[in-house]
Amino acid sequence: MIYYSGPAAKFQTQTSINMPEASIQTILAGEVPTGSPLTIRGWVRTRRDSKAGFSFIQVNDGSTLHNLQVVADQSLPNYASEIRHLTSGCSVRCTGTLVESKGRGQSVELQAAEIQVLGWVEDPDTYPVQPKHHSFEFLRSVAHLRPRTNTFGAVTRVRHATARAIHDYFDRNGYYWVNTPIVTASDAEGAGELFRVSTLDLANLARDEEGNVDFRQDFFGRETFLTVSGQLNVEAFCLAMSKVYTFGPTFRAEKSNTARHLAEFWMVEPEVAFAGLDELGTLAEDFLKSVFTSVLERSADDMAFFVERIESEAVSRLEKLIASPFVRMDYSEAIRILQRSGTRFDYKPEWGLDLQTEHERYLTEQHCQAPVIVMNYPAEIKAFYMRLNDDGQTVAAMDVLAPGIGEIIGGSQREERLEVLRSRMDTEQLESGRYEWFLDLRRYGTVPHAGFGLGFERLLNYITGLTNIRDVIPYPRTPGNAPF
RNA sequence: UCCCCGGUAGCUCAGCUGGUUAGAGCGGGUGACUGUUAAUCACUAGGUCGUUGGUUCGAAUCCGACCCGGGGAGCCA
């Protein structure tokens with residue numbers, strides 16, 4: 001399969017109204033004829049000298065994985081004084097003529113008539129980003145400089161392309177993007193520990209008559225937190241706009257220190273009115289396939305890089321997923337399959353218990369060898385807002401499991417029946433006063449509806465083949481770690 | 001939070017059955033050489049071996065504590 005990205009190149013040309021210098025992406029895409037005068041700006045990756053009287057400078061401007069080779073001749077006035085001292089990381093403005101390359105490895109190069117050094121690297125000896133392999137661990141410690149590496153440049157472009165594919169998908173299908181609040185008063189959305197938002201003086205806390213912290217004196221006049229999910233808020237818009245989604249930051253104060261968890265991450269949550277669990281499964285499948293197809297088309301260069309340097313299966317597994325129908329099965333059936341598998345699991349599969357990572361991997365990687373949608377989980381292990389099935393034991397929840405990554409989507413049909421929802425909230429001992437507005441949605445024109453949550457960074461891990469979630473977000477926030 | 005593993009030059013690592021001045025590659029500097037491709041070759045600078053106690057004639061190496069990081073688990077997206 002071959003992917004080209006013509007439309008993206010045209011888009012770049014239009015933006016050149018404000019930026020007369022062509023991007024390296026457009027130059028290498030062949031949009032600038034050889035013989036043209038040309039100016040580029042960017043950062044030096046490497047410099048190779050020839051004593052015969054010129055230097056080759058690889059310049060990258062972030063518009064593409066690839067560098068443009070700038071040929072600097074000794075006749076340039078600052079050749080000996082400046083150009084011969086360029087090191088990785090220096091910023092330059094290069095003006096000259098685009099010519100066919102006399103060397104192998106690139107079709108065109110810039111024959112420089114002028115090279116202006118915009119910014120030197122203060123101490124080249126200690127500049128952290130070198131043209132060599134760095135550990136991801138080290139690069140995390142220089143999160144402000146890692147965008148200058150091939151890998152993080154590619155991640156940044158693919159992250160953008162994926163976000164755009166998500167918005168495009170929903171736009172094409174009649175969904176509205178709803179910006180749900182970051183600050184919330186819901187303290188028990190059932191999705192994990194919350195970060196408190198407060199302007200109270202921690203050194204001198206306001207107290208009420210009983211000696212408890214008096215949140216009436218806090219900024220919002222009540223206890224508030226950072227959101228752990230936009231779902232509850234977006235449901236209200238779903239029951240007016242029919243098809244909506246959130247795409248924004250989400251916060252969990254869980255002290256989980258794993259390659260799959262962030263304290264601050266981005267989540268995509270579509271919510272569809274008049275839909276049930278089956279339609280939701282269909283949406284999840286169509287959504288993933290569409291987004292993957294779009295990223296493969298638009299980010300072919302960067303994906304090829306991931307295949308070469310990060311994960312050789314990065315492209316083929318997306319293509320495979322796009323081509324395979326997702327397998328659907330009930331939770332009860334999944335438990336039976338696991339119990340009869342003859343595989344020895346660390347945790348025994350048992351009806352009523354949640355599926356462990358090892359169980360999910362068996363189902364999707366061994367048994368089905370395809371993405372699996374597991375549906376209808378026991379009510380006790382799922383959230384209060386999920387719709388109770390007629391059997392009274394299970395809820396209309398689903399998890400989409402993908403080979404090689406596990407759970408990528410979790411969702412459910414929502415409980416739209418007022419009395420059933422109220423009784424489930426009682427069972428979970430939720431403070432009903434805080435959810436009256438949520439119950440209103442069931443009082444006034446309630447309809448069946450369903451939605452799911454997708455971890456954006458987990459999706460990026462799956463796409464890029466990078467295995468640590470901290471390497472697909474610009475500035476990762478994890479327990480004990482927010483230095484940038 | 002639990003279980004493992006690790007912290008040695010700017011980076012990637014070796015050295016760790018304790019023994020004289022701690023090594024390599026890359027990166028930096030200098031020089032040589034070539035339309036070069038993470039160029040090549042030579043020379044050169046650069047480290048209080050995470051911190052802190054202890055064992056010992058002697059600790060990067062052994063032991064304890066602490067700090068930091070990574071992997072796995074749980075929880076989840």
Side-chain angles (χ1 to χ4, degrees), chain A residues 45-58 66-73 84-89 99-106 109 111 121-142 145 149-150 189-193 228-231 246 249-269 309 346-347 353-358 360 381-383 399-402 405-411 452-462 467-471 473 478-481 483:
Chain A
R45 286 293 175 83
T46 63
R47 188 199 81 236
R48 294 179 294 275
D49 301 320
S50 163
K51 199 61 175 193
F54 42 89
S55 295
F56 301 98
I57 305 158
Q58 297 290 338
H66 306 290
N67 307 319
L68 185 67
Q69 175 160 288
V70 176
V71 183
D73 191 85
R84 284 292 302 270
H85 301 287
L86 286 172
T87 56
S88 295
V99 297
E100 279 183 42
S101 180
K102 292 177 199 158
R104 290 181 207 165
Q106 60 281 316
E109 62 196 17
Q111 185 68 49
V121 167
E122 189 179 79
D123 180 8
D125 191 35
T126 57
Y127 181 64
V129 181
Q130 299 164 10
K132 69 181 283 287
H133 172 78
H134 289 101
S135 66
F136 291 120
E137 183 181 340
F138 166 71
L139 289 173
R140 276 169 222 149
S141 73
V142 287
L145 297 174
T149 64
N150 285 334
E189 291 173 9
E193 302 285 315
V228 293
S229 164
Q231 181 204 317
T246 72
T250 308
F251 306 87
R252 305 269 168 97
E254 303 280 354
K255 286 196 175 162
S256 47
N257 217 286
T258 82
R260 293 181 300 284
H261 289 86
L262 290 167
E264 176 183 292
F265 63 100
W266 286 60
M267 190 152 66
V268 178
E269 299 169 291
R309 294 291 180 88
D346 290 338
Y347 293 83
L353 299 181
D354 214 346
L355 297 178
Q356 301 294 313
T357 303
E358 56 178 342
E360 296 178 345
I381 60 172
K382 290 293 182 182
D399 283 349
V400 179
L401 312 177
I405 192 152
E407 183 183 338
I408 194 164
I409 282 178
F452 64 72
L454 165 88
F456 184 53
E457 284 78 17
R458 286 187 183 176
L459 185 71
L460 288 171
N461 277 137
Y462 189 66
T467 53
N468 196 309
I469 199 163
R470 296 162 200 183
D471 299 329
I473 189 165
T478 52
N481 204 331

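Residue numbering restarts at 1 for every chain, and letters A, B, ... go by the order of the sequence lines. Note that these values count all heavy atoms, side chains included, but never hydrogens, waters or copies made by symmetry.
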Could you tell me whether [X] contacts a base, only the sugar-phosphate backbone, or nothing, with contacts defined as non-hydrogen atoms closer than 4.0 Å?
X: A/S256; answer: base
X: A/F138; answer: sugar-phosphate
X: A/T46; answer: sugar-phosphate
X: A/I408; answer: sugar-phosphate
X: A/S88; answer: nothing
X: A/N468; answer: sugar-phosphate
X: A/F136; answer: nothing
X: A/R470; answer: sugar-phosphate
X: A/D346; answer: nothing
X: A/R45; answer: nothing

Separation between the [atom1] atoms of [N] and [M], rounded to whole Å:
N: B/U1; M: B/A9; atom1: P; result: 29 Å
N: B/G27; M: B/C63; atom1: P; result: 37 Å
N: B/G35; M: B/G25; atom1: C1'; result: 27 Å
N: B/U61; M: B/A22; atom1: P; result: 14 Å
N: B/G15; M: B/G54; atom1: C1'; result: 24 Å
N: B/U37; M: B/G28; atom1: P; result: 16 Å
N: B/U8; M: B/G23; atom1: C1'; result: 10 Å
N: B/A39; M: B/A45; atom1: C1'; result: 23 Å

Does a nitrogen or oxygen in the side chain of A/S50 sit under 4.0 Å from OP1 or OP2 of B/U34?
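So the side chain of A/S50 is outside the cut-off, no N or O lying under 4.0 Å from OP1 or OP2 of B/U34.
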Is the phosphate of B/A39 approached by A/R48 (side-chain N or O, under 4.0 Å from OP1 or OP2)?
yes
[options]: which one has an atom nearest the side-chain heavy atoms of [X]?
X: A/E254; options: B/C75, B/G35, B/G28; answer: B/C75
X: A/Q356; options: B/U30, B/G35, B/C75; answer: B/C75
X: A/K132; options: B/G25, B/G74, B/A39; answer: B/G25
X: A/F54; options: B/G35, B/U12, B/G72; answer: B/G35
X: A/R252; options: B/A39, B/C76, B/G69; answer: B/C76
X: A/E137; options: B/G69, B/G35, B/G71; answer: B/G69

Taking all heavy atoms of A/Q111 and all of A/V71, pick out the closest pair and write down the distance.
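Taking every non-hydrogen atom into account, NE2-O, 3.8 Å.
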Sub-3.5 Å donor-acceptor pair from the side chain of A/S256 to the main-chain atoms of A/T258, do we have one?
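Here the side-chain-to-backbone pair does not exist.
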Test item: A/R47 side-chain N/O and A/L86 main-chain N/O as donor-acceptor pair under 3.5 Å:
yes
Closest-nucleotide 5' rank along RNA chain B - winner of A/T126 and A/Q69
A/T126
Where each residue is assigned the nucleotide of RNA chain B containing its nearest heavy atom, which of A/N481 and A/T357 is assigned the position nearer the 5′ end?
A/N481
Any N/O donor-acceptor pair, [X] side-chain to [N] base, under 3.5 Å:
X: A/D125; N: B/G27; value: yes
X: A/E109; N: B/G35; value: yes
X: A/H261; N: B/C76; value: yes
X: A/Q130; N: B/G10; value: yes
X: A/Q106; N: B/U36; value: yes

Within the 4.5 Å heavy-atom criterion, are A/E122 and A/Y127 side-chain neighbours or not?
no
Does a side-chain heavy-atom distance below 4.5 Å link A/H261 with A/E254?
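No, every pair of side-chain atoms sits at 4.5 Å or beyond.
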Quick one: A/H134 NE2 to B/C13 C1', roughly how many Å, whole number?
13 Å
I would like to know whether A/E137 and A/N468 meet side chain to side chain contact (heavy atoms under 4.5 Å, CB included); could you show each step before the answer?
CA-CA 10 Å; A/E137 183 181 340; A/N468 196 309; over 6 Å; no
Begin with the C-alpha distance, continue with both residues' side-chain angles, and end with the deciding distance and a verdict on side chain to side chain contact (heavy atoms under 4.5 Å, CB included) for A/L459 and A/I408.
CA-CA 7 Å; A/L459 185 71; A/I408 194 164; 3.9 Å; yes
Centroid separation A/F54 to A/F56 less than 6.0 Å:
yes
pair_partner(B/U1), Watson-Crick or wobble, both distances < 3.5 Å, evaluates to B/A73
Both distances below 3.5 Å, Watson-Crick or wobble geometry, any strand: find the nucleotide opposite B/G27.
none
